[in-house]
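Read the structure below first, then the notes.
Here is how names work: the chains are called A, B, and so on, in the same order as the sequence lines, proteins then strands, and each is numbered from 1.
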2 protein chains.
Amino acid sequence: MNKPRIKSELKRNQILDAATLQFTQHGYAATSMDHIAKLAGVSKQTVYSHFGNKDELFITAISYKCEQLGVTELLPENLGPVESTLTLFSQRFFAMITSTDSMAVHRTCAAECVAHPHLSKLFFEAGPLFVIDKLANCLAEYHRRGELDIEDCREAAIQLLAIIKGEQWTRLEFNIAESLSEQEINHYLQRSVRLFVRGYQSLG
Amino acid sequence: MNKPRIKSELKRNQILDAATLQFTQHGYAATSMDHIAKLAGVSKQTVYSHFGNKDELFITAISYKCEQLGVTELLPENLGPVESTLTLFSQRFFAMITSTDSMAVHRTCAAECVAHPHLSKLFFEAGPLFVIDKLANCLAEYHRRGELDIEDCREAAIQLLAIIKGEQWTRLEFNIAESLSEQEINHYLQRSVRLFVRGYQSLG
DNA sequence: GTCTATATAGCGATAGAC
DNA sequence: GTCTATCGCTATATAGAC
């Protein structure tokens, strides 16, 4: 008779998965509670008993996705030569931000930034700000070693991250059909790191 | 008795203005034909007699905004010293892409890139692609003069444009409250141009 | 706790008067 | 060409059976 406890947890996750998929795919307004319930394989009332209303479900689903953003390790544990470290970083970072999940959450938060400012801020802090800090620390270390001559490491981190996104990320944001091959992307990343290193190299 | 002709044109523009505002502010699904009609000061039937249905009105409104994107002249007619030209360009470009209009259309097209791929492509070509080509031509000229050593001018243009957007543009995309002052932005732009020029300068 | 059935409101789109 | 009034439909959210 006391099965409900565990059964509820399972259904809760089913609902959250379905909600995340629908919200990030079709947007907040175009997603209906009926569709979420059907996709999760539960009744609509079950959805409401778990999350109260549509807004709460949306916030719970997207918040969870935001908190998962910073899990991937982007920098190697031991920092080797500048160019190889930053090249590796750029490849990992680019792969992360162009993943289907990342793109979907990004689009959703941006689209809802007026109606749900708390969510867009959550995404911004867990995503962009989080990575800026990490890279800035890395650049500071290379500056300390005398391998890079950087006055403002946070600013430099912002610049490198922006270059990495380049045109390709925007193409994905707008769902443009023609996109670059993996080889072309790696070529672009490698040359972008080179531009960055050359722009900040120590002359003395 | 034959006033309708001219009166119609006026109402048509009122409807288009109202539709653009609502669609870019609240998104496609969250905008209703009733609200547009009320905001435009006409009846709903008048909206339908002019534009047929919601989708057609949306496409007409956003397409018009997209076509207006490339009107601002970003580069000076006569190209002077590299750094001053690119600094001026960066300021104009940044002002353009961070305008309320640009941001609103960008967000709308990105949010609707699956349901309305034609619109997002229109925006991408009239915006990003258009500017990339213009800047690439400019960089090619400096390469020809021997002031910059650029192997791939289109790639370099993409890199500079990306740096200019930097973190600040993303803040605006997500409607983050705290943003930089005009002075801080100009400082960032100036130093970004310097990084770019230093990374691509001719060594001899 | 979970289901089916339903209340209420707002949507896109249309009909008919003037 | 423009208005008011209205049709169907679907949305969010709730009520009551088990």
Side-chain angles (χ1 to χ4, degrees), chain A residues 1-62 108 111-112 114-116 119, chain B residues 1-63 108 111-112 114-116 118-119:
Chain A
M1 214 67 151
N2 276 8
K3 265 192 295 181
R5 263 282 169 57
I6 177 158
K7 199 173 184 183
S8 177
E9 195 111 342
L10 178 71
K11 298 215 177 202
R12 191 190 141 93
N13 288 334
Q14 287 172 357
I15 295 168
L16 268 182
D17 284 347
T20 305
L21 192 68
Q22 293 284 307
F23 280 135
T24 57
Q25 204 151 33
H26 307 111
Y28 179 79
T31 296
S32 75
M33 297 295 263
D34 287 275
H35 286 135
I36 292 173
K38 185 157 281 182
L39 185 63
V42 301
S43 80
K44 194 160 61 166
Q45 179 56 30
T46 302
V47 177
Y48 276 96
S49 77
H50 274 275
F51 296 98
N53 57 44
K54 186 181 178 181
D55 217 62
E56 199 174 316
L57 175 56
F58 179 68
I59 292 172
T60 308
I62 303 299
T108 308
E112 291 299 317
V114 176
H116 297 89
L119 277 188
Chain B
M1 216 59 153
N2 276 8
K3 266 191 294 182
R5 261 284 170 53
I6 178 159
K7 199 174 185 183
S8 178
E9 195 110 345
L10 178 70
K11 299 217 176 202
R12 190 191 143 93
N13 287 335
Q14 287 172 357
I15 295 168
L16 267 182
D17 284 345
T20 305
L21 193 66
Q22 293 284 305
F23 280 136
T24 57
Q25 205 152 33
H26 306 111
Y28 179 79
T31 296
S32 75
M33 298 295 264
D34 287 275
H35 286 136
I36 293 173
K38 186 157 280 183
L39 185 64
V42 301
S43 79
K44 193 159 65 166
Q45 179 57 32
T46 303
V47 177
Y48 275 95
S49 77
H50 274 275
F51 295 98
N53 58 43
K54 187 181 178 180
D55 217 62
E56 198 174 317
L57 175 55
F58 180 68
I59 291 171
T60 308
I62 303 300
S63 297
T108 307
E112 290 300 315
V114 176
H116 297 89
H118 176 70
L119 277 187

- prompt: For Phe51(B) and dT14(C), what is the distance between atoms CZ and P respectively, to the nearest whole Å?
  reply: 16 Å

- line: Sorted by chain and residue number, the side-chain hydrogen bond (donor to acceptor under 3.5 Å, both in side chains) partners of Ser43(A) (sequence neighbours excluded) come out as Thr46(A)

Short N/O separations, protein against nucleotides 12-18 of chain D, under 3.5 angstrom:
unit_1  : atom_1 : unit_2   : atom_2 : d
dT12(D) : OP1    : Thr31(A) : O      : 3.2
dT12(D) : OP1    : Met33(A) : N      : 3.3
dT12(D) : OP1    : Lys54(A) : NZ     : 3.1
dT12(D) : OP2    : Met33(A) : N      : 2.8
dA13(D) : OP2    : Tyr48(A) : OH     : 3.2
dA13(D) : OP2    : Lys54(A) : N      : 3.0
dA13(D) : N6     : Lys44(A) : NZ     : 2.6
dT14(D) : O4     : Gln45(A) : OE1    : 3.3

message: Going by the rule side-chain hydrogen bond (donor to acceptor under 3.5 Å, both in side chains), which residues pair with Thr60(A) if we only count those two or more places apart in sequence or in a different chain?
response: none

message: Would you say His50(B) places a side-chain N or O within less than 4.0 Å of OP1 or OP2 belonging to dG1(D)?
response: no

- request: Quickly work out the Leu57(A) CG to dA11(D) P distance and round it to whole Å.
  value: 15 Å

message: Can you tell me if Thr46(A) touches the phosphate of dT2(C), counting only side-chain N or O atoms and a distance under 4.0 Å to OP1 or OP2?
response: no

- prompt: Do the side-chain N or O atoms of Lys38(A) get closer than 4.0 angstrom to the phosphate oxygens (OP1, OP2) of dC3(C)?
  reply: no

query: For Ala40(A), which residues count as a side chain to side chain contact (heavy atoms under 4.5 Å, CB included) partner, sequence neighbours excluded?
result: Gln14(A), Ile15(A), Ala18(A), Val42(A)

query: Tell me, which pairs form a side chain to side chain donor-acceptor pair (under 3.5 Å) where one or both residues lie in residues 21-33 of chain A, sequence neighbours left out?
result: Tyr28(A)-Asp55(A), Ser32(A)-His35(A)

query: Who are the side chain to side chain contact (heavy atoms under 4.5 Å, CB included) partners of Lys44(B), not counting sequence neighbours?
result: Met33(B), Asp34(B), Ala37(B), Tyr48(B)

message: Rounding to an integer number of Å, can you tell me how far Ile36(B) CD1 sits from dG10(C) P?
response: 17 Å

query: Can you tell me how far the OG atom of Ser8(A) sits from the NE2 atom of His50(A), to the nearest 0.5 Å?
result: 3.5 Å

